[in-house]
Structures are given as C-alpha cells and as structure tokens.
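Structure first, then comments.
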Amino acid sequence: MLLKERVAIVTGGARGIGREIALLLAREGADLAICDVNEVVLDATKKEVEASGRKCLAETVDVTKADQVEDFVQKTLDKFGKIDILINNAGITRDGLLVRMSEADWDAVLNVNLKGAFNCTKSVAKIMMKQRDGRIVNIASIIGIMGNAGQANYAASKGGLIALTKTVAKELGSRNVRVNAVAPGFIQTDMTAKLSEDTKNTMLKLIPLGALGTAKDVANIVLFLASDNSAYITGQVVQVDGGMVM
Ligand code: NDP
C-alpha cells in the first residue's frame, strides 16, 4: 500500500479519470474527499470508495466558487485532521474555432480548468505548508503543450495549469510540498466519446502506441506522483499519451 493513512482530495472525482484516480488511491490505502458538480454519480463513487474499506467524504462543490472550495477543504480537515494529497482533476471542454468562440465558452473553460485549480491549490496550500508535507497533482493535457485547432479556451487553460504547476512548485518546495502535472493524450472517457469517428481515426494515426489510453493509465502515474516513490520530483509535467507528443 503506497498511500497508507494518507488523506487525498480529488476534484471532479465522480466519474471518468477522477473516479479512476479516487478508486486507485483508495485501494492504495488513502481516505478520500471527493467533490464534483455531478451529484448523482458522486454518491455512486463514494460507495465504491467505501467498498474498498476506506473512508470517503463526498460533497457537491463547484470548484470555480472559492467559498464552496474553502468550505469543502475545511470539512475535509475536520473529518480527517490533515490533507496530504490534492488532485486537481475537474475539467470541461467547450470547443469551437476561435473566431466563433463565445466569451461565455472562453470564460467557462478558463474558470473550471484554471481558476478551479487555483482555488483548490490556494485553499490546501496553507494547510500543507503548516504540515511541512503535501503533494499536488494537476491534470493538464497534451493540448496545453501542443495547442489544437478548435480548442483555444481548453489549450490556454491547460497551458496555464502547467505554468501554475511550475510556479507553485517553486513557491512551496521549501516546505516539502511537491507539485506536478500529468498531461494525458487521448483517453477513453465520456469527454472523448463525444468526438467523431473521423477525428478519433485521425488521432490514432498520430499515436505511436496505436491506441487511446485508459483512465487507469492516467491514475497509475497520479499514484506515483502522490506517493513517496516520487519524493525528489517536483515542477514536472508527465505525459501519458502513447508517445503522441515527443
Ligand atoms: P469527465 O467529463 O468524464 O469528468 C469530469 C468531472 O468533473 C465530471 O464529473 C464533471 O461533472 C466534473 N466537473 C465539471 N465541472 C466541474 C466544476 N466546476 N466543479 C467540480 N466538478 C466539475 O472528464 P474526464 O474524466 O475525461 O477528464 C478529467 C480531467 O482530465 C479533465 O481535467 C480533462 O481536461 C483532463 N483530460 C482528459 C482527457 C481525455 O481524453 N478524456 C485528455 C487530457 C486531459 P459533470 O458530470 O456534471 O460534467
């Protein structure tokens, strides 16, 4: 068990990659605090975490709202007494070409993917600094590294998240708080299920390993970055993309 007696927060933990991360961290011994805007699946994931023998706090929280995040972090602290791990996973897409992209779609994506991570990081940073221990993993995307036509908002948010990762790693390193990012490529989830077969086939041709990744592939590297096995690693971006970007 790599995370025995650890306490982890996973945002957007109800379904998709966040759910997979929550379940893996629980199997490795961590108690979980998961938050999401999707109340229905949130409860199902809470039950799955508890079925693996761990405690789980599950709250409906919109990560774009600083007051809701503060409240959730306080509840986590009250229930578990500490916070060792934060996984900033909540993310959305609102795709469209730049010239047709509405201000609302730009704001929505930047708010969830970047400001949401800022709100959560700021809230747990004070606690982790006091503890002189903490691990933060931000779920970015290879789109934040390479850009992608039709995803100006998403690419900017994920590129910003990578910059945030490096900055916070520099600010908190002296307090033994490590901050890293994972940049998944194309992963089989509801988010990518929306893509057309044409788009998927075009993407597959760009992936040397010749397949889409799975949520488990992402969760495995998150586990490594959240555990003591990565004790000397901070400020890094680890790509999980089948070799798509190199
Ligand atoms: P999903 O849409 O499957 O899951 C995201 C979860 O986050 C959903 O439960 C969603 O709720 C929740 N969420 C959305 N907005 C908020 C909010 N404001 N506050 C709290 N929770 C929220 O996405 P994935 O699992 O595919 O993606 C997870 C992360 O991985 C994202 O950051 C994404 O950008 C990143 N990623 C995904 C890739 C992929 O191929 N799937 C590739 C690269 C990166 P609801 O159900 O209501 O939408």
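When a ligand or atom number is given, it counts from 1 through the structure's own listing order. Computed from a predicted model, the values in this text were never measured in an experiment. One is the number of the first residue; the rest follow in order along the sequence.
- At under 3.5 Å, not a single nitrogen or oxygen of Asp190, backbone or side chain, sits near a nitrogen or oxygen of ligand 1.
- Not a single donor-acceptor pair under 3.5 Å links the side chain of Asn119 to the backbone N or O of Val69.
- The shortest contact between atom 33 (C) of ligand 1 and any protein heavy atom is with Tyr154 OH, 3.5 Å.
- A side chain to side chain contact (heavy atoms under 4.5 Å, CB included) with Val218 holds for exactly one of Leu24, Val182, Leu223; it is Val182.
- Checked against a 3.5 angstrom limit, the closest N/O atoms of Val63 and ligand 1 fall inside it.
- The closest approach between Ala215 and ligand 1 stays at or above 4.0 Å for every heavy atom of the residue.
- One N or O on the side chain of Asp84 and one on the backbone of Val7 form a donor-acceptor pair closer than 3.5 Å.
- Contacts between Thr192 and ligand 1, counted as non-hydrogen atom pairs separated by less than 4.0 Å, involve the side chain only.
- Checked for salt-bridge contact, Lys200 and Glu197 meet the test: a charged N lies under 4.0 Å from a carboxylate O.
- For atom 14 (C) of ligand 1, the nearest non-hydrogen atom of the protein is Ile92 CG2, 3.6 Å.
- Close N/O approach between Gly18 and ligand 1 is not found [any backbone or side-chain N/O within under 3.5 Å].
- Side-chain N or O atoms of Asn89 include one that pairs as donor or acceptor with a backbone N or O of Thr11 at under 3.5 Å.
- In terms of N/O distances under 3.5 Å, ligand 1 is not approached by Asn113.
- A heavy-atom separation below 4.0 Å is not found between Arg19 and ligand 1.
- Near Gly185, meaning under 4.0 Å from one of its heavy atoms, ligand 1 places the atoms 40 (O), 42 (C), 43 (C).
- Counting only non-hydrogen atoms, the option in Leu161, Val69, Asn89 that gets closest to atom 32 (O) of ligand 1 is Asn89.
- In this structure, atom 48 (O) of ligand 1 lies nearest to the protein heavy atom Arg15 NH2, 3.3 Å.
- Within the structure, ligand 1 has Ala140 among the residues with a heavy atom less than 4.0 angstrom away.
- Contacts between Val112 and ligand 1 below 4.0 angstrom, taking non-hydrogen atoms only, involve the side chain exclusively.
- Between Leu212 and Gln188, the closest side-chain pair of non-hydrogen atoms falls below 4.5 Å.
- If you look at Val61 next to ligand 1, the close heavy atoms, those under 4.0 Å, all belong to the backbone.
- When hydrogens are left out, the protein atom nearest atom 5 (C) of ligand 1 is Gly91 O, 4.0 Å; that is the closest non-hydrogen contact.
- Within a 6.0 Å sphere centred on NZ of Lys82, other residues, nucleotides and ligands contribute more than 12 heavy atoms.
- Connection of Phe118 to Ile162 is not established within any shared hydrophobic cluster, with ILVMFWY side chains joined at heavy-atom distances below 4.5 Å, either directly or through further cluster members.
- Side-chain contact check for Glu20 versus Thr189: every heavy-atom pair is 4.5 Å or farther apart.
- The two residues Val63 and Cys35 have their closest heavy-atom pair at CG1-SG, 4.3 Å.
- Near Ile139, the atoms of ligand 1 lying under 4.0 angstrom from a non-hydrogen atom of the residue are 29 (C), 30 (O), 32 (O), 35 (C).
- With a 4.0 Å heavy-atom cut-off, ligand 1 is reached by no atom of Gln188.
- Residue contact check for ligand 1: Thr11 places no non-hydrogen atom closer than 4.0 Å to it.
- Taking 4.5 Å as the limit, some side-chain heavy atom of Asp228 sits within range of a side-chain heavy atom of Arg135.
- Considering backbone and side-chain atoms alike, Ser141 places every N or O at 3.5 Å or more from each N or O of ligand 1.
- At distances below 3.5 Å, not a single donor-acceptor pair connects side-chain atoms of Asn38 with backbone N or O atoms of Ala14.
- Residue-ligand proximity, Asn38 to ligand 1, at heavy-atom distances under 4.0 Å covers atoms 11 (O), 45 (P), 46 (O), 47 (O).
- With a heavy-atom cut-off of 4.0 Å, Ile17 touches ligand 1 through backbone and side chain alike.
- Interface of Lys158 with ligand 1, defined as ligand atoms under 4.0 Å from a residue heavy atom, comprises 31 (C), 32 (O), 33 (C), 34 (O).
- The contact set between ligand 1 and Gly16, taken as ligand atoms under 4.0 Å from a residue heavy atom, comprises 3 (O), 25 (O).
- The protein non-hydrogen atom at the shortest distance from atom 22 (C) of ligand 1 is Val37 CG2, 3.6 Å.
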